[in-house]
Amino acid sequence: MSEAAIVRHRRRVIPGFGITLGTTLLWLSLIVLIPLAALFLRTTELSPERFVRIITSARVLHALGLSFGLSLVAAAVNLVFGLLVVWALVRYEFPGRRLFDAIVDIPFALPTAVAGIALTSLYAETGWLGRALAPLGIQVAFTPLGIFVALVFVGLPFVVRTVQPVLEDLEAEFEEAAATLGASRLTTIRRVVLPAILPALLTGFALAFARAVGEYGSVIFIAGNLPGVSEIAPLLIVIRLEEFRYADATAIAAVMLVASFLVLLAINLLQRWSEGRTGGGR
Amino acid sequence: MTDQPLILPRQVLPRYAGGIGPIRTASMTFRKATTRISDARADPAPMRWAIVGIAIAFLVLFIVVPLLNVFAQAFSKGIEAYFTALRNPDALAAIGLTLVAAAISVALNLVFGVIAAWALTKYEFAGKSLLITVIDLPFSVSPVIAGLVFVLLFGAQGYLGPFLQAYDIKIIFALPGIVLATVFVTFPFVARELIPLMREQGTQDEEAALSLGASGLRTFFRVTLPNVKWALLYGVLLCNARAMGEFGAVSVVSGHVRGETNTMPLHIEILYNEYQFMAAFAVASLLALLALVTLVAKVLLEGRAARD
């Protein structure tokens, strides 16, 4: 008997395999898989020409471009500042470190509608920050810049929480070895530390991006929602749905869903890459 | 100061809080309990100051100030006005509906999350990592799309629409639709909190209990459950916070009937669009408080789990 067979035999000693896996698959199908399949089924009912016409209309193209473009920029900003936040939280001791560590999770826990109105009133011309920015000629609320601010807010925890455990787990030996061999601190960080946390950084970036692309609640209040200027793709889906233009809503949703599947695939490949690099066990 | 060994708290609950992110395997979590920040890791002082300064400024600007703004706006017309806004019948109806919808959704996801975590950690089978990816899927789907798929299934124009109308069953624009959309959005939370911990704990405890003659269910309630109770509690709290705060998905399926199918986030939207800012922030402050309580609970539960 091979080792794998012994392991498998031993694992199945625990009862309930059939019922728990069956229940999981059934529930997953009912809540997630069948509803998502319905969306794709609806999309196939459209003729290819109609689908292309919907997707390539100026308003849809602009909304998709805005959602994907601003999400990329927001995720990139979170990548840089998220790394600095992680570095400060893991490597340094400073007053309030534990408090700031806990605060990072607020965008996860705060409902998006609450974040949306909070950011809007903050950056509106009468708000705390809007009042300060108005004399400089910077308008945040009701412009694409406002969308960007909201997307940075919702994506912030993803980079931090993905990179933090990896940086904490990084053994001191590598940096000590580099220092012993005469590398400067910056060289050590650039050549030793950054490559080690690169998969986690990219995963956090992808997660922040995926979340930002689909974000709705925190954006619609601050966006201004001007078609062709500050109208995001999820909002356009809602508008088409309210106009009973189901085909349009479905087609836009299908494009976004395929995009999020691709991001999910990329994240999984990143995971596998990082597991391969650190040698199986991780 | 830098040659003082620094004891970092050992992380027992998974770190990615929102449940989102790669599942950490046992070897990552069972690492050395202490990490020593050695001389080789000491960064130059200007770099330390700059990084801490930027990090704090970033967190304050993007998180602390917006959060404080919620409470500042809510109490901008005094405590009296705050409570008057909350006592509004529509606000009370929204709070009631939110509590009911969240209670049902969390209960469903609790049961199925535990079952899924059990199936995924106590057995070996082909396609397991694919299954974990699919369970995570709702995280990467836009909430608007989560609502849309149920409209396409159960709406008047949906696949099951004619059938539902024939039997006068209302799902969209009613409580069942709100619950379905909420369950979809919060689907992975409980399972996500449990899977890393249960995987790391292995199956030995259960095997011992079974070999001593305990039944499968008894083994679960007496052995497995006590081992994961803090992670489970946190998963439920997080699931609840997200269920009560869900906006996009619920907005698509609810129909926005004031006092009937408006949850708290939807009520906030209506008030805000009617320029009743103070009242909107009063309701919002309740949800912000819920978020803060959830985070405090997380910190406390991490401490409990570390001590166990």
Side-chain angles (χ1 to χ4, degrees), chain A residues 8 11 13-17 20-21 23-24 27 31-32 35-36 38-39 42 81 84-85 87-88 92 94 100 102-103 105-106 108-114 117-119 121-122 153 161-162 164-165 169 172 175-176 179 207 210 214 216-217 234 237-238 246 253 256-257 260 264 271 281-282, chain B residues 15-18 20-22 27-28 31 38 40-41 43 48 51-52 54-55 58-59 62-63 66 69-70 73 112 115-116 118-119 122-124 137 140 142-145 148-150 152-153 157 183-184 187 203 206-207 216 241 245 247-248 265 268-269 272 280 284 287-288 291 294-295 299:
Chain A
R8 196 173 304 132
R11 287 283 158 87
V13 166
I14 295 179
F17 177 68
T20 55
L21 187 64
T23 311
T24 305
W27 183 239
I31 296 293
V32 179
L36 288 181
L39 177 75
R42 260 294 155 95
F81 286 93
L84 292 177
V85 170
W87 198 269
Y92 306 142
F94 57 92
F100 281 109
I103 277 174
D105 281 332
I106 282 178
F108 273 150
L110 194 69
T112 53
V114 178
I117 62 169
L119 290 171
S121 87
L122 201 57
F153 175 85
R161 292 305 184 222
T162 317
Q164 196 171 20
D169 282 345
E175 285 161 76
E176 282 161 4
L207 287 166
Y216 176 71
I237 295 177
V238 172
Y246 284 75
M256 297 193 64
L257 205 52
S260 44
L264 208 62
Q271 270 334 101
R282 307 195 127 185
Chain B
R15 203 47 201 256
Y16 45 85
I20 301 152
S27 66
M28 284 175 81
R31 67 207 163 73
S38 57
R41 281 182 162 182
D43 296 325
R48 269 205 319 265
I51 289 181
V52 170
I54 294 172
F58 185 69
L59 292 177
F62 276 93
I63 297 182
N69 190 36
V70 173
Q73 300 287 340
F112 288 97
I115 291 176
W118 176 276
K122 300 299 173 191
Y123 315 102
E124 288 304 323
L137 232 156
S140 9
S142 172
V144 167
I145 296 178
L148 172 69
V149 292
F150 290 108
L152 293 180
L153 272 181
Q157 319 253 333
V183 170
F184 182 103
F187 191 83
T203 54
E206 283 81 6
E207 280 160 16
F247 177 70
I268 293 172
E269 182 194 21
Y272 197 84
L287 288 173
T294 305
L295 289 185
V299 173

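The model shown is predicted, which means the values in this text are computed figures rather than measured ones. Every heavy atom of this structure was used, including side-chain atoms; hydrogens, water molecules and symmetry mates were not.
Here A/Trp27 is the residue among A/Trp87, A/Trp27, A/Phe153 with the most heavy-atom pairs under 4.5 Å with chain B. For the options B/Pro66, B/Ala288, B/Gly248, heavy-atom pairs under 4.5 Å to chain A are most numerous at B/Pro66. Here A/Val32 is the residue among A/Leu39, A/Leu110, A/Val32 with the most heavy-atom pairs under 4.5 Å with chain B. The most heavy-atom pairs under 4.5 Å with chain A, out of B/Gln157, B/Gln73, B/Glu206, come from B/Gln157. Counting heavy-atom pairs closer than 4.5 Å to chain B, the top-ranked of the candidates A/Thr23, A/Leu264, A/Ile117 is A/Ile117. In terms of non-hydrogen atom pairs under 4.5 Å with chain B, the most contact-rich of A/Ala210, A/Ala102, A/Gly16 is A/Gly16. Most heavy-atom pairs under 4.5 Å with chain A, from the set B/Phe112, B/Phe62, B/Phe58, B/Trp118: that is B/Phe112. Highest contact tally toward chain A, considering only B/Thr294, B/Leu148, B/Ile54, B/Val299, is held by B/Leu148 [criterion: heavy-atom pairs under 4.5 Å].
With a 4.5 Å cut-off on non-hydrogen atoms, A/Phe100 touches chain B through its backbone and its side chain both. If you measure heavy-atom distances from A/Ile103 to chain B, the contacts under 4.5 Å come from both the backbone and the side chain. Only the side chain of B/Leu153 comes within contact range of chain A, with at least one heavy atom under 4.5 Å from a heavy atom of that chain. Contact of B/Leu295 with chain A is made through the side chain alone, with heavy-atom distances under 4.5 Å.
Not one N or O on the side chain of B/Asp43 forms a donor-acceptor pair closer than 3.5 Å with the backbone of B/Arg48. Looking only at distances, a side-chain donor or acceptor of B/Tyr123 sits under 3.5 Å from a matching main-chain atom of A/Phe17.
Looking at every heavy atom in both residues, B/Gly216 comes nearest to A/Pro15 through CA-CG, 3.7 Å. Contact detail for A/Met256 and A/Gly214: the closest heavy-atom pair is CE-CA, 4.3 Å. The heavy-atom pair separating A/Thr20 from B/Ile115 by the smallest distance is O-CG2, 3.5 Å.
Of the inter-residue distances, the one linking B/Ile145 atom CD1 with B/Phe184 atom CZ reads 9.0 Å to the nearest 0.5 angstrom. Atom CG of A/Asp105 and atom CD1 of B/Ile63 lie 8.5 Å apart (nearest 0.5 Å).
Using a 4.5 Å heavy-atom threshold, the side chains of A/Ile237 and A/Tyr216 count as separate.
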